[in-house]
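What follows is one structure encoded as structure tokens, with my remarks underneath.
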Amino acid sequence: PVMHRNVRYNCRVIFLNRKILLIRPKMALANEGNYRELRWFTPWSRSRHTEEYFLPRMIQDLTKQETVPFGDAVLVTWDTCIGSEICEELWTPHSPHIDMGLDGVEIITNASGSHHVLRKANTRVDLVTMVTSKNGGIYLLANQKGCDGDRLYYDGCAMIAMNGSVFAQGSQFSLDDVEVLTATLDLEDVRSYRAEISSRNLAASRASPYPRVKVDFALSCHEDLLAPISEPIEWKYHSPEEEISLGPACWLWDFLRRSQQAGFLLPLSGGVDSAATACLIYSMCCQVCEAVRSGNEEVLADVRTIVNQISYTPQDPRDLCGRILTTCYMASKNSSQETCTRARELAQQIGSHHISLNIDPAVKAVMGIFSLVTGKSPLFAAHGGSSRENLALQNVQARIRMVLAYLFAQLSLWSRGVHGGLLVLGSANVDESLLGYLTKYDCSSADINPIGGISKTDLRVFVQFCIQRFQLPALQSILLAPATAELEPLADGQVSQTDEEDMGMTYAELSVYGKLRKVAKMGPYSMFCKLLGMWRHICTPRQVADKVKRFFSKYSMNRHKMTTLTPAYHAENYSPEDNRFDLRPFLYNTSWPWQFRCIENQVLQLERAEPQSLDGVD
């Protein structure tokens, strides 16, 4: 942040050999999704214009300069011309690099803060290669790395591109705080490439010039003739399941070391979601061990601080996992033996410190207080109770699990004579959050949630991936089991409750609803119209209408739960997270009278037209 004439700008300060060359204010601010830059900064709106900036005295003492250029300019060295754009400017319809390239700028640099989203890397690569393909030139993209102290993880992915090809690729996920990427390129390749594009040269001949800041420096020298030139490379992409195994794991490590806690506590239910969360911790431990083997002294120092042992060197991920991860299976009379076994076997295979306990005494005590005060004893639906009674009895179990999770997070290490406390991990996926298929202040309420921005479909693929990658056969039985909350009584010892039956829709359908609601900005009627075409081979218009109404009714009824959603790793563009990404009301008219009436009218028209359209068919 730089204050210029009492206006605060978001700037890039370019310096060389203890001298500031240029202060370049950002011209396009990110102001959607996760970003609110206009709250803090004003965009520089004077294209190709610079002013004098009077340096603060403390900077003058260092640089021996009184003023420096401030504004939209480029740098000229003895051998080339260098321009700069900042983060969001690359993504705008008319980016600065277009006019800079037409004005003879040969190297564009970008200092970026681009967060990770699943399947986003190809968009970045395509943008940069297209920039240099259409206009020629060299593009250097640097990106931040690590947790932003919030829900975002910046995933690096630095690159160097020239004339439509990539010449250097940085790591996308890494525990290294800093990574330097280099390539040796020939500026004559830029000049000859541009000279062959007639349409570009016509546009360049009419381009308005940029102010040029002369720099007494050269990027090349005569001896460079013998330097080997870098060759183009093929960009190596991670699969979505690899992204899940690496991104949230790096975020968890950054969060753990910066929060100065001693590890994590994870309520492990024996289902896919909590198993996926456990796998992320194990993946984190694998990355930490690999970083230490590679000589990363900062990671080693952080590990020793976390486990409170100055001589400890992590070598085996299972051993490290046992020191920093406590898993807890919280059984009730509604829990099956199968889920208990699955949780225990997974804990053994990843090496976590595992606790099994029974919550029935606590549930009985709480319900005893209610019965003592009211003289009433609610019943499950299976025993003749109403839906209100049934839901309340489920919620009591879920909320007691949250209370116990925090109790054990604070005191389980103390009980073992170990220093510190634990961060509680939540494991509600993005689809359940979208629909509100969770109890407010239950086990979904935690300190952080590494899978809260990931769909159930992607999580299942990720868990399948972990079976081979980490050699965890216990995950096989978890994948085959039906997803269930296990909050209602068992039927003959077997689970009688499944998630998809409770929700009245599948997880695959929820992902579709989520993308249409958030990314495509659709309400009930427009979603109905879109799905008529998408699902025309599998659903009648009446069935589509019923599905859309059911989704919007439940979504709006439960939207209030998003206000207390556990901070989660942001990985999907349809996250319903209410804090900074999906800013919407949490009090809706859940009957949607006008929208549902429009849907009903349209269905009736389609049903009346359907027999007529078949009249001429033999």
Fill in: Lys549 NZ/CZ over Phe528 ring centroid, <6.0 Å and within 45° of normal
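The answer is no; the distance or angle limit is not met.
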message = Do Arg48 and Tyr210 form a cation-pi contact, if we require the NZ or CZ to be under 6.0 Å from the six-membered ring centre and within 45 degrees of the ring's axis?
response = yes
I'd like to know if the side chain of [X] and the backbone of [Y] have a donor-acceptor N/O pair within less than 3.5 Å.
{"X": "Asn143", "Y": "Ala158", "answer": "no"}
{"X": "Thr457", "Y": "Ala508", "answer": "no"}
{"X": "Asn429", "Y": "Gly452", "answer": "no"}
{"X": "Glu89", "Y": "Met27", "answer": "yes"}
{"X": "Asn449", "Y": "Ala428", "answer": "yes"}
{"X": "Arg36", "Y": "Gly33", "answer": "yes"}
{"X": "Thr77", "Y": "Thr80", "answer": "yes"}
{"X": "Trp592", "Y": "Phe552", "answer": "yes"}
{"X": "Thr506", "Y": "Glu509", "answer": "yes"}
{"X": "Thr566", "Y": "Ala446", "answer": "yes"}

[Y] and [X], any side-chain heavy atoms less than 4.5 Å apart:
{"X": "Leu152", "Y": "Asn34", "value": "yes"}
{"X": "Val131", "Y": "Leu90", "value": "yes"}
{"X": "Tyr139", "Y": "Leu141", "value": "yes"}
{"X": "Glu88", "Y": "Leu29", "value": "no"}
{"X": "Ile451", "Y": "Leu280", "value": "yes"}
{"X": "Asp582", "Y": "Glu577", "value": "no"}
{"X": "Glu242", "Y": "Arg469", "value": "yes"}
{"X": "Ser455", "Y": "Tyr574", "value": "yes"}

Would you compute the distance between atom [atom1] of [X] and atom [atom2] of [Y] and round it to the nearest 0.5 angstrom?
{"X": "Glu234", "Y": "Lys236", "atom1": "CD", "atom2": "NZ", "answer": "8.5 Å"}
{"X": "Glu290", "Y": "Leu175", "atom1": "CD", "atom2": "CG", "answer": "10.0 Å"}
{"X": "Met3", "Y": "Tyr9", "atom1": "CE", "atom2": "OH", "answer": "10.5 Å"}
{"X": "Phe581", "Y": "Asp150", "atom1": "CZ", "atom2": "CG", "answer": "13.0 Å"}
{"X": "Glu179", "Y": "Ser174", "atom1": "CD", "atom2": "OG", "answer": "6.0 Å"}
{"X": "Lys561", "Y": "Ser445", "atom1": "NZ", "atom2": "OG", "answer": "10.5 Å"}

Using a strict cut-off of less than 4.0 Å between a Lys/Arg side-chain nitrogen and an Asp/Glu carboxylate oxygen, indicate whether [X] and [Y] qualify as a salt bridge.
{"X": "Arg46", "Y": "Asp72", "value": "no"}
{"X": "Arg584", "Y": "Asp578", "value": "no"}
{"X": "Asp302", "Y": "Arg258", "value": "no"}
{"X": "Arg119", "Y": "Glu243", "value": "no"}
{"X": "Lys19", "Y": "Asp216", "value": "no"}
{"X": "Lys26", "Y": "Glu85", "value": "no"}
{"X": "Asp273", "Y": "Arg460", "value": "no"}
{"X": "Arg124", "Y": "Asp155", "value": "yes"}

Around atom [atom1] of [X], are there more than 12 heavy atoms from other residues, nucleotides or ligands closer than 6.0 Å?
{"X": "Gln60", "atom1": "CD", "value": "yes"}
{"X": "Trp91", "atom1": "CH2", "value": "yes"}
{"X": "Lys554", "atom1": "NZ", "value": "yes"}

Where do Gln172 and Tyr237 land on the side-chain hydrogen bond (donor to acceptor under 3.5 Å, both in side chains) test, with the steps shown first? CA-CA 9 Å; Gln172 187 175 10; Tyr237 292 99; over 6 Å; no
Starting from the C-alpha separation in whole Å, work towards a yes-or-no answer on side-chain hydrogen bond (donor to acceptor under 3.5 Å, both in side chains) for Ser526 and Lys521. CA-CA 9 Å; Ser526 50; Lys521 308 292 188 293; over 6 Å; no
Centroid-centroid under 6.0 Å between [X] and [Y] rings:
{"X": "Tyr513", "Y": "Phe551", "value": "yes"}
{"X": "Tyr53", "Y": "His4", "value": "yes"}
{"X": "Phe70", "Y": "Trp44", "value": "yes"}

Going by atom types only, do [X] and [Y] share a side-chain donor-acceptor pair under 3.5 Å?
{"X": "Arg12", "Y": "Ser84", "result": "yes"}
{"X": "Asn163", "Y": "Asp189", "result": "no"}
{"X": "Asn110", "Y": "His97", "result": "no"}
{"X": "Gln144", "Y": "Ser112", "result": "no"}

According to the interplanar angle, ranging from 0 to 90°, do the rings of Phe173 and His116 count as parallel (below 30°), tilted (30 to 60°) or perpendicular (above 60°)? perpendicular
- Message: Using 30° and 60° as the class boundaries, would you call the ring planes of His115 and Tyr154 parallel, tilted or perpendicular?
- Response: perpendicular
From CA spacing to verdict: side chain to side chain contact (heavy atoms under 4.5 Å, CB included), Ile160, Leu185:
CA-CA 10 Å; Ile160 299 174; Leu185 303 175; 3.9 Å; yes
Practice item. Report the C-alpha distance between Leu55 and Thr67 in whole Å, list the side-chain angles of each, state the deciding distance to 0.1 Å, and finish with yes or no for side chain to side chain contact (heavy atoms under 4.5 Å, CB included). Key: CA-CA 6 Å; Leu55 292 170; Thr67 64; over 6 Å; no
message: Between Leu531 and Leu516, is the side chain to side chain contact (heavy atoms under 4.5 Å, CB included) condition met? List the steps.
response: CA-CA 9 Å; Leu531 291 176; Leu516 294 180; 3.7 Å; yes
- Show your reasoning for whether salt bridge (Lys or Arg N to Asp or Glu O under 4.0 Å) applies to Glu51 and Arg5. CA-CA 10 Å; Glu51 298 173 354; Arg5 299 183 180 177; 3.3 Å; yes
* Asked: Of Val190, Leu219, Leu75, which is the lone residue that meets side chain to side chain contact (heavy atoms under 4.5 Å, CB included) with Ile107?
  ->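 When side chain to side chain contact (heavy atoms under 4.5 Å, CB included) is applied between Ile107 and each of Val190, Leu219, Leu75, only Leu219 qualifies.
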- [ ] Starting from the C-alpha separation in whole Å, work towards a yes-or-no answer on salt bridge (Lys or Arg N to Asp or Glu O under 4.0 Å) for Arg580 and Asp148.
- [x] CA-CA 13 Å; Arg580 65 188 278 188; Asp148 71 339; 3.2 Å; yes
Checklist entry - Passes side chain to side chain contact (heavy atoms under 4.5 Å, CB included), Met100 versus Val74? Steps please. => result CA-CA 8 Å; Met100 287 182 186; Val74 297; 4.3 Å; yes
